[in-house]
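All remarks here apply to the structure that follows.
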Amino acid sequence: MFVQARKLSRWMLGAVAVGTLALAPARAEDSFKIGLILPMTGGQASTGKQIDNAIKLYMQQHGDTVAGEKIEIILKDDGALPDKTKIAAQELIVNEKVNAIAGFGVTPAALAAAPLATQGKIPEVVMAAGTSIITEKSPYIVRTSFTLPQSSTIIGDWAVKNGIKKVATLTSDYAPGNDALSSFKEHFTAGGGEIVEEVKVPLANPDFAPFLQRMKDAKPDAMFVFVPAGQGGNFMKQYAERGLDKAGIKVIGPGDVMDDDLLNGMGDAALGAVTAHIYSAAHPSQANKDFVAAYKKAFGNRPGFMAVGGYDGIHLIYQALKKTGGKTDGDALVAAMKGMKWESPRGPISIDPDTRDIVQNVYIRKVEKVDGELYNVEFETFEAVKDPGKVKK
């Protein structure tokens, strides 16, 4: 009897184990996993933290269940190193069986994951990286951040129309920097402007000082600057130390260098900098005022443009799931994302159905002091700007 009882108990334990395994897939189907790959450490850490914070805020505001699917975020830190991005994406897709990957603080990271998104047939939602070609590298890539040509062409046109005749350029030496530089040069020189000095700085841990001396010696009317989000504070510190502000050399460029996340720490040297960009914490809409207030309350500082890319990226995923009625295959989700339009904290945005890239307003802004704090104050709007790199094609 005792032996039979033991056999019976083993059989029952086995049956329970089998039953548990059988139930596991059913539970998995009821959750929608998003693999979030971000630089949470290293030079681009502020980008990762902004996006992570914004996604947490959105989920606090909108809940964690959509169309019967429980949203689960699995965060991986890639330090903005593409080799780490690729490993993280493989682990998320193969082992964690995620339904989407998202984030991508820099272009090399977004490109490293692109073939894996294609093989896995899952959406890759790019919330930060800004090189034009990214969405062309996989039919599963959809972008909610920006492209560098969107803002760099516009600041090129603005500069030449506003009396800036001679410009020295300083750009980070990787794909987005090259995008920004070529887009600016094309428009600035076409309008009669002259590039008097051109330098490219290393992406990782750059020391701007020796390059800034070359800028100063060239005696330009202004400097066109692109450095990725997170490096603007260090750049402006060295810009002031080298006396370029005292020499009357103003900073112009796309808005990455004047990221709201770091702007207050730059000091008065940043005053008067004019940039073209897709978002400012000072954007006057009610949607943005509510977003900034909620973000400040939750995290103790103001959001920058990277936070908005993350906030809109998770919104896009939520709305795609609603549109498909909870259907989670990649093709259905990407199809649902194409052509989607909504009111973002940055203004009206949409996903171009042909390119899967973002269409949005670009604002010309000037750094001013408002209530004792530095803000990018918008004074001109270019509506519904598509990526100029793709418009040409």
Side-chain angles (χ1 to χ4, degrees), residues 30-40 45-77 92 98-105 110 122-129 141-146 229 259-261 278-281 283 285-326 328 333-334 336-337 340-351 356 358 360-361:
D30 291 335
S31 68
F32 185 93
K33 292 182 179 180
I34 301 169
L36 190 58
I37 306 174
L38 291 170
M40 302 302 291
S46 71
T47 291
K49 287 168 187 170
Q50 281 193 63
I51 292 173
D52 185 38
N53 285 346
I55 290 171
K56 285 174 180 170
L57 176 63
Y58 187 91
M59 293 180 70
Q60 286 166 16
Q61 293 172 333
H62 297 87
D64 62 359
T65 303
V66 184
E69 297 285 330
K70 177 126 173 128
I71 307 298
E72 182 183 347
I73 305 290
I74 304 171
L75 176 63
K76 298 271 188 183
D77 174 17
L92 287 163
V98 296
N99 302 96
I101 50 176
F104 309 102
I122 65 169
E124 176 181 336
V125 179
V126 175
M127 300 174 172
I141 294 178
V142 184
R143 176 156 38 195
T144 60
S145 50
F146 57 92
D259 186 1
D260 277 291
D261 189 44
I278 52 95
Y279 175 72
S280 166
H283 183 65
S285 73
Q286 190 58 51
N288 185 54
K289 287 174 183 176
D290 293 344
F291 171 66
V292 171
Y295 191 98
K296 276 185 174 178
K297 184 179 178 183
F299 307 111
N301 59 345
R302 73 169 77 152
F305 67 100
M306 289 300 184
V308 174
Y311 196 76
D312 286 327
I314 192 70
H315 176 83
L316 179 68
I317 294 169
Y318 269 50
Q319 294 306 309
L321 261 175
K322 284 182 184 176
K323 197 171 173 183
T324 64
T328 62
L333 288 167
V334 171
M337 292 173 182
M340 204 171 276
K341 300 178 181 181
W342 68 97
E343 183 70 24
S344 159
R346 66 183 108 173
I349 62 174
S350 65
I351 302 300
R356 290 162 280 105
I358 191 165
Q360 60 193 325
N361 292 351

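In this chain, residues are counted from 1 in sequence order.
Interatomic distance, Trp342 CH2 to Ile351 CD1, rounded to the nearest 0.5 Å: 4.5 Å. The CE atom of Met127 sits 8.0 Å away from the CG atom of Leu316 when rounded to the nearest 0.5 Å. Residue Gln319 holds its CD atom at 8.0 Å from NE2 of His62, rounded to the nearest 0.5 Å. Atoms CG and CD1, on Leu75 and Ile55 in that order, are 8.5 Å from each other to the nearest 0.5 Å. Taking CE from Met59 and CG from Asp64, the interatomic distance works out to 5.5 Å, rounded to the nearest 0.5 Å. Taken to the nearest 0.5 Å, the CD1 atom of Ile314 stands 4.5 Å off from the CD1 atom of Ile73.
Pairing each heavy atom of Gly326 with each of Ala67, the nearest pair is N-CB, 3.5 Å. Here the closest heavy-atom approach between residue Ser285 and residue Pro345 is recorded as OG-O, 3.9 Å. Shown here for Ala102 and Ile34, the closest heavy-atom pair between the two residues is CB-CG2, 4.1 Å. Shortest non-hydrogen contact noted between Thr328 and Leu333 is O-CD1, 3.4 Å. Across every non-hydrogen atom of Ser344 and Val308, the tightest pair is OG-CG1, 3.8 Å. When every heavy atom of Asn288 is checked against every heavy atom of His283, the shortest pair comes out as ND2-O, 3.0 Å.
Residue pairs meeting the salt bridge (Lys or Arg N to Asp or Glu O under 4.0 Å) criterion with at least one member in residues 52-62, sequence neighbours excluded: Asp52-Lys56.
Contacts of Ala100 classified as side chain to side chain contact (heavy atoms under 4.5 Å, CB included), with partners at least two apart in sequence or in another chain: Phe32, Pro123. Remark: Ala336 engages Ala320, Lys323, Thr324 in a side chain to side chain contact (heavy atoms under 4.5 Å, CB included) (not counting sequence neighbours). Partners of Ala128 according to the side chain to side chain contact (heavy atoms under 4.5 Å, CB included) rule, which considers only residues two or more places apart in sequence or in another chain, are Thr47, Ile51, Met306. Applying the side chain to side chain contact (heavy atoms under 4.5 Å, CB included) criterion to Ile122, with sequence neighbours excluded, gives Ile93, Val98, Ile101. Annotation: side chain to side chain donor-acceptor pair (under 3.5 Å) contacts of Arg143 (sequence neighbours excluded): Asp357. Applying the side chain to side chain donor-acceptor pair (under 3.5 Å) criterion to Lys49, with sequence neighbours excluded, gives no partner residue. Looking at residues two or more places apart in sequence or on another chain, you find no salt bridge (charged side-chain N to carboxylate O under 4.0 Å, His left out) involving Asp290. Under the salt bridge (charged side-chain N to carboxylate O under 4.0 Å, His left out) criterion, Lys322 pairs with no residue at all, not counting sequence neighbours. With sequence neighbours excluded, the residues satisfying ring pair (Phe, Tyr, Trp, His ring centres under 6.0 Å) with Tyr318 are Tyr58. Here Asp312 pairs with Arg346 under the salt bridge (charged side-chain N to carboxylate O under 4.0 Å, His left out) rule; sequence neighbours left out.
Proximity of a side-chain donor or acceptor of Asp77 to a complementary backbone N or O of Met40 within less than 3.5 Å is detected. Of the possible donor and acceptor atoms, one in the side chain of Gln360 sits under 3.5 Å from a partner among the backbone N and O of Ser145. Gln50 places a side-chain N or O within 3.5 Å of a backbone atom of Ala307 that can act as its donor or acceptor partner. The main-chain N or O of Gly347 is never found under 3.5 Å from a side-chain atom of Asn361 such that the two would form a donor-acceptor pair. In this structure a side-chain-to-backbone donor-acceptor pair under 3.5 Å is missing from Ser31 to Lys70.
The side-chain heavy atoms of Met337 and Val125, taken from C-beta on, include a pair separated by under 4.5 Å. At least one side-chain heavy atom of Ile71 sits less than 4.5 Å from a side-chain heavy atom of Leu321.
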When the side chains of residues 293-303 are checked against the rest of the protein, which donor-acceptor pairs come out under 3.5 Å, sequence neighbours left out?
residue	atom	partner	partner atom	Å
Tyr295	OH	Asn53	ND2	3.4
Asn301	ND2	Asp261	OD1	3.4
Arg302	NH1	Asp260	OD1	3.3
Arg302	NH1	Leu374	O	2.8
Arg302	NH2	Glu373	OE1	2.9
Arg302	NH2	Leu374	O	2.9

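Ring geometry for Tyr279 versus Phe291: interplanar angle over 60°, hence perpendicular rather than tilted (30 to 60°).
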